[in-house]
Asks: 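Take this structure first; my questions come after.
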Amino acid sequence: MKKLLLVSVVLVCAVMLSGCRVPTDESGAIKQITESTTFSQIMSDENWFSALFVWPLAWLINNLATKTGVIAAISLTTILVNAVLLVITLPSQIGMQKMQMLQPELEKIQRKYEGRDDDASRMRMAQEMQNLYSKYKVNPMGTMVVQFIQFPIIIAMYQAVQRASSVRTATVGSMSLDTTILAGIKSSGRWGYIFLFVIMAVLQYLSMNLPMWINKKKAEAEAAKHHRKPQEPTANTQTKIMQWYMFALILVFGLMWPAAMSVYWAIYSAVTIVKTLIVQKVIDSRNAKEAEGK
């Protein structure tokens with residue numbers, strides 16, 4: 001399982017590194033996609049990823065911006081994309097959240113066989129873990145589907161926000177969405193940029209920690225039902241370090257990328273929070289129906 005996770009991380013990083021190279025012109029400026037830019041132009045001048053993923057999103061942002069304004073256009077596009085993704089990946093999303101809920105029980109099995117490296121013990125541990133997955137109808141491999149589908153779309157949205165011509169020329173109050181947060185803080189409209197950065201950071205923190213808070217609350221409720229103390233998961237130092245590293249990385253990027261990207265990331269984090277709550281609602285509903293049927 002660890003090897004599979006490592007391979008998936010490497011593949012995702014490779015996709016991100018290749019996808020994050022935004023096309024630029026001779027002067028080094030990012031190539032803009034306007035309302036008149038066609039699919040065939042992007043396909044012939046750039047690549048299939050830009051044509052199939054980036055161009056439709058940039059086109060949608062540009063066309064919505066003329067009717068709703070840029071902030072609303074980015075918001076509506078982000079919500080639409082994530083709604084489609086949720087429909088496509090709902091079973092995998094449910095599996096991911098169930099995996100997080102199962103973590104204390106998985107750690108209990110791992111502690112049971114800690115220090116026992118013989119083949120028989122490994123097979124028994126694997127069998128017990130498989131029985132746990134079967135009991136809660138979780139497919140560990142299926143949970144990876146979400147990551148492989150989501151990351152290209154995130155990269156496409158990242159590029160679309162940077163390349164949509166309506167975003168580059170937009171202003172919100174005294175803020176220019178083409179200006180970086182770091183540069184904006186030094187300008188006369190600094191408070192708008194600071195507010196945007198804080199909102200982005202708070203929403204990212206909430207979206208990152210919400211699944212753990214939900215699981216902790218469920219563990220406490222289950223323990224109270226059986227009149228015992230909740231079982232706290234063993235602290236996974238490596239996971240926590242990686243989580244905080246990613247959070248710090250996003251904050252650093254948030255200072256250096258255009259304000260439009262901070263707007264998008266704040267909206268994306270808010271949508272992620274809603275998706276987490278929706279998926280949890282579906283899980284609770286299914287569990288309730290199964291309990292009634294027993």
Asks: So do the side chains of L206 and W213 get within less than 4.5 Å of each other, counting heavy atoms only?
Replies: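 In contact.
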Asks: Any side-chain donor-acceptor pair under 3.5 Å between W257 and S262?
Replies: yes
Asks: Atom CE of residue position M43 - does it have more than 12 heavy atoms of other residues, nucleotides or ligands inside 6.0 Å?
Replies: yes
Asks: Is the closest side-chain heavy-atom distance between L255 and F197 below 4.5 Å?
Replies: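 Counting from C-beta outward, L255 and F197 do come under 4.5 Å.
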Asks: The test is side-chain contact (heavy atoms from CB on, under 4.5 Å); show your working for K67 and L76 and say whether it passes.
Replies: CA-CA 12 Å; K67 303 174 181 65; L76 290 171; over 6 Å; no
Asks: Taking the side chain as everything from C-beta on, heavy atoms only, tell me whether T66 gets closer than 4.5 Å to E35.
Replies: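 In contact.
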Asks: How long is the straight-line distance from CG of L60 back to CE of M157, given to the nearest 0.5 Å?
Replies: 8.5 Å
Asks: Given the rule in the side-chain contact (heavy atoms from CB on, under 4.5 Å) test, do M129 and M125 qualify, once you have shown the distances and angles that lead to the verdict?
Replies: CA-CA 6 Å; M129 292 173 76; M125 183 177 74; 4.0 Å; yes
Asks: Verify the distance criterion only: is there a donor paired with an acceptor across the side chains of T34 and T37 at less than 3.5 Å?
Replies: yes
Asks: Is it the case that over 12 heavy atoms from other parts of the model lie below 6.0 angstrom from the CZ atom of F39?
Replies: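 Check passes, neighbour count above 12.
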Asks: Could you check whether any side-chain heavy atom of Y268 comes within less than 4.5 Å of a side-chain heavy atom of L203, counting everything from C-beta outward?
Replies: no
Asks: A side-chain contact here means heavy atoms from C-beta on lying under 4.5 Å apart; do I267 and V263 qualify?
Replies: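 Counting from C-beta outward, I267 and V263 do come under 4.5 Å.
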Asks: For W244 and Y205, take the angle between the two ring planes, folded into 0 to 90°, and tell me which bin it lands in: parallel under 30, tilted 30 to 60, perpendicular over 60.
Replies: tilted
Asks: Can you check whether V271 reaches V81 side chain to side chain, under 4.5 Å on heavy atoms?
Replies: no
